[in-house]
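Quick note on labels: first sequence line is chain A, next is B, and so on, each numbered from 1.
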Amino acid sequence: LERSTNSFSYSSYHTLEEIYSWIDNLVTENSNTVSKIHIGSSFENRSIIVLKFSTGGSNRSAIWIDTGIHSREWITHATGIWLAKKIVSEYGKDHALTKILKAMDIFLEIVTNPDGFAFTHSMNRLWRKNKSSRPGIFCIGVDLNRNWKSGFGGNGSNKNPCSDTYQGPSPQSEPEVLAIVNFISGHGNFKALISIHSYSQMIMFPYGYSLEPVPNHDELYSLAKDAVNALYKVHGIKYIFGSISTTLYTASGIMVDWAYDNGIKYAFSFELRDTGHYGFLLPAAQIIPTAEETWMAIQTIMKHALNHPY
Amino acid sequence: QMNFTGDQVLRVIAKDEKQLSLLRDLEGLKPQKVDFWRGPARPSLPVDMRVPFSELKDVKAYLASHDIACSVMIKDIQVLLDEEREAMAKSRR
């Protein structure tokens, strides 16, 4: 396995073992700003790990970023790895990032669905859900982005355990979801949340479970527009934006709705590029351009959260 | 590893809600005939669906019979998967 994050290939896809080993190297090499937090264990008992980027203070307001909740969306894990390296490389150089990290903490969960991700490498590259199984239920796995408490079981999720959008037997039934709920609720001071998916080139905000606009809809709409513009400037990739239910479709029990309903006013869901030809099989050559443009959109949201404390 | 040789991803632009509904009907068929990569959402958005090689003929006939135009976004999934795997092995070397 790679001995250092500098010799690691950021323009390739990697296995779960390689990613976890890289995380250990990143923490070792940047122990003054990065730490690794074990927030729980997956259904198949793999560690669920969150990276914390902090320059001090205690219980500072914080920003949450996650990738890989749907395991076949490999471009998201690869983008998460690149983002983590970018943060440690640019702190102290990039003025905006340095300002953010002097006041806030950033938490990044790169492999939000470790069992599903391992399964895409071992058995089924196109697997989306986690790997939970229950007596009497014929099919495996729950869609981890339909298992959250907000709007659970509504339109846009599925009671059929064989469906790719199966909501699970009850809200937060899945250990991968409960681990995040407990961590974010326990921390209590998250101000922004960005959940990164692929694909279809969108930046969206709540609600998914309702067509009703959220109270600060106009602010989120304007912020999503700024983020899309910042992203476009990097490589000319066009995104659309808006609330989930009006831009894409009704989706119930999703993470960003739960975050918003639990006080995180700046909650966004990204759908990264596929440039119209590759879907979930985006070639590795597009990892770095995708990460570079995503970073600009994320920075736009982080800056807004920093400048609009609540 | 599951093999996806001959599986294709079809891209469909539904003209209206009726066509979207016909696409949604595909999801419920047993055994599963399509895996929606981009589900039927609204007429302005493309629908991408992976169709196993064994179902291709039926699904294309179904689309044609309802005058639903489609294009082939990925001609053979396994080719892309083999390239991906080779790229990972090369990078590891």
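Judged by the 6.0 Å and 45° rule, A/K131 forms a cation-pi pair with A/F119.
Of the listed residues (A/S9, A/G276, A/A284), the greatest number of heavy-atom pairs within a distance under 4.5 Å of chain B belongs to A/G276. Counting heavy-atom pairs closer than 4.5 Å to chain B, the top-ranked of the candidates A/R125, A/H277, A/H14 is A/R125. Comparing B/R85, B/E84, B/M2 by heavy-atom pairs within less than 4.5 Å of chain A, the highest count is held by B/E84. The candidate with the highest count of non-hydrogen atom pairs below 4.5 Å against chain B, out of A/T250, A/N158, A/T247, is A/T247. Taking A/P283, A/S200, A/A285, A/S11 one by one and counting their heavy-atom pairs under 4.5 Å with chain B, the maximum is reached by A/S200.
Within the 4.5 angstrom heavy-atom criterion, atoms from both the backbone and the side chain of A/N124 approach chain B. For chain A, the nearby part of B/F4 is the side chain; its heavy atoms alone come within less than 4.5 Å. Only the side chain of B/D35 comes within contact range of chain A, with at least one heavy atom under 4.5 Å from a heavy atom of that chain. Residue contact with chain B, scored on non-hydrogen atoms closer than 4.5 Å, involves the side chain of A/W74 exclusively.
Below 30°, between 30° and 60°, or above 60°: for A/H217 and A/Y221 the angle between ring planes is below 30°, a parallel geometry.
Nearest heavy-atom pair across A/Y209 and A/S252 is CB-OG, 3.9 Å.
The shortest side-chain heavy-atom distance between B/P46 and B/M73 does not fall under the 4.5 Å cut-off. Residues A/T15 and B/M88 meet the side-chain proximity criterion, which asks for heavy atoms closer than 4.5 Å. Taking 4.5 Å as the limit, some side-chain heavy atom of A/T246 sits within range of a side-chain heavy atom of A/L211.
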Show me, pair by pair, the donor-acceptor contacts under 3.5 angstrom made by side chains of residues 150-157 of chain A, not counting sequence neighbours?
residue, atom, partner, partner atom, Å
A/S150, OG, A/D261, OD2, 2.9
A/S157, OG, A/G154, O, 2.9
A/S157, OG, A/Q167, OE1, 3.1

